Amino acid sequence: SAVISQKPSRDICQRGTSLTIQCQVDSQVTMMFWYRQQPGQSLTLIATANQGSEATYESGFVIDKFPISRPNLTFSTLTVSNMSPEDSSIYLCSVEERGGSEAFFGQGTRLTVV
Amino acid sequence: EDQVTQSPEALRLQEGESSSLNCSYTVSGLRGLFWYRQDPGKGPEFLFTLYSAGEEKEKERLKATLTKKESFLHITAPKPEDSATYLCAVQDTSGTYKYIFGTGTRLKVLA
């Protein structure tokens with residue numbers, strides 16, 4: 001299975017600032033996903049990021065707030081922009097390997113906005 | 001719209017006390033149903049994929065089964081290290097590759 005490294009693992013940020021989360025995979029993957037997991041809740045898909053195309057955002061999430069880059073088949077970033085305390089959450093990167101159907105997850109980024 | 005409902009929300013078991021977790025789903029066409037384990041502060045860890053009704057998968061003390069409407073995760077003679085949140089997700093055949101997750105079952109196994 002793919003090994004996924006996410007950075008940073010946690011951060012405390014001031015409101016109004018932005019944080020960029022990096023996701024590095026040890027193999028080339030087609031599908032990359034970004035999820036949010038609020039305290040005590042399940043995973044909510046933010047967007048799907050395919051290399052060479054614009055990310056596809058889910059209802060309730062917009063590109064201006066959560067810009068995503070996918071420059072190649074092993075790397076992606078998610079930026080949380082103009083943060084407010086409501087953005088405090090765990091953000092997870094996930095990949096689906098070529099030819100596979102199950103998704104694998106990074107360890108997550110625990111974000112606290114103060 | 002695809003939906004996943006898991007029950008119970010929380011479960012406390014004595015060590016060795018077998019039980020089952022339920023995942024009910026509604027999906028237009030099932031590409032796969034997935035079980036994950038999540039420990040506090042960590043990302044979900046993949047356990048099983050099930051593709052069609054009647055399929056079963058086993059791993060150590062865990063066994064996953066699938067019908068056309070629900071999946072069960074059976075835990076046989078659990079140990080304290082099985083304590084975690086167990087998540088169920090479905091992926092449909094629409095081609096979007098989206099995973100829809102349930103809210104999970106928090107399992108606590110007492111020694």
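In what follows, every heavy atom counts, from backbone to side chain, and hydrogens, waters and symmetry copies are set aside. Naming: A, B, ... by sequence-line order, numbering from 1 per chain. Since we're looking at a predicted model, the values are computed, not measured.
- A salt bridge is defined here as a Lys NZ or Arg NE, NH1 or NH2 lying under 4.0 Å from an Asp or Glu carboxylate O, and Asp82(B) with Arg61(B) meets this definition.
- Summarising the geometry, atom CD belonging to Glu96(A) is positioned 6.0 Å from atom CE belonging to Met31(A); distances are rounded to the nearest 0.5 Å.
- With a 4.5 angstrom heavy-atom cutoff, Leu92(A) touches chain B only via side-chain atoms.
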Task: Worked verdict on Tyr99(B) versus Phe33(A) for side-chain contact (heavy atoms from CB on, under 4.5 Å) - done: CA-CA 9 Å; Tyr99(B) 293 75; Phe33(A) 307 90; 4.1 Å; yes
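- For the options Glu45(B), Gln38(B), Arg106(B), heavy-atom pairs under 4.5 Å to chain A are most numerous at Gln38(B).
- Using a 4.5 Å cut-off between heavy atoms, Gln37(A) contacts chain B through its side chain alone, with no backbone atom that close.
- Aromatic ring orientation, Tyr36(B) versus Phe101(B): tilted (interplanar angle from 30° to 60°).
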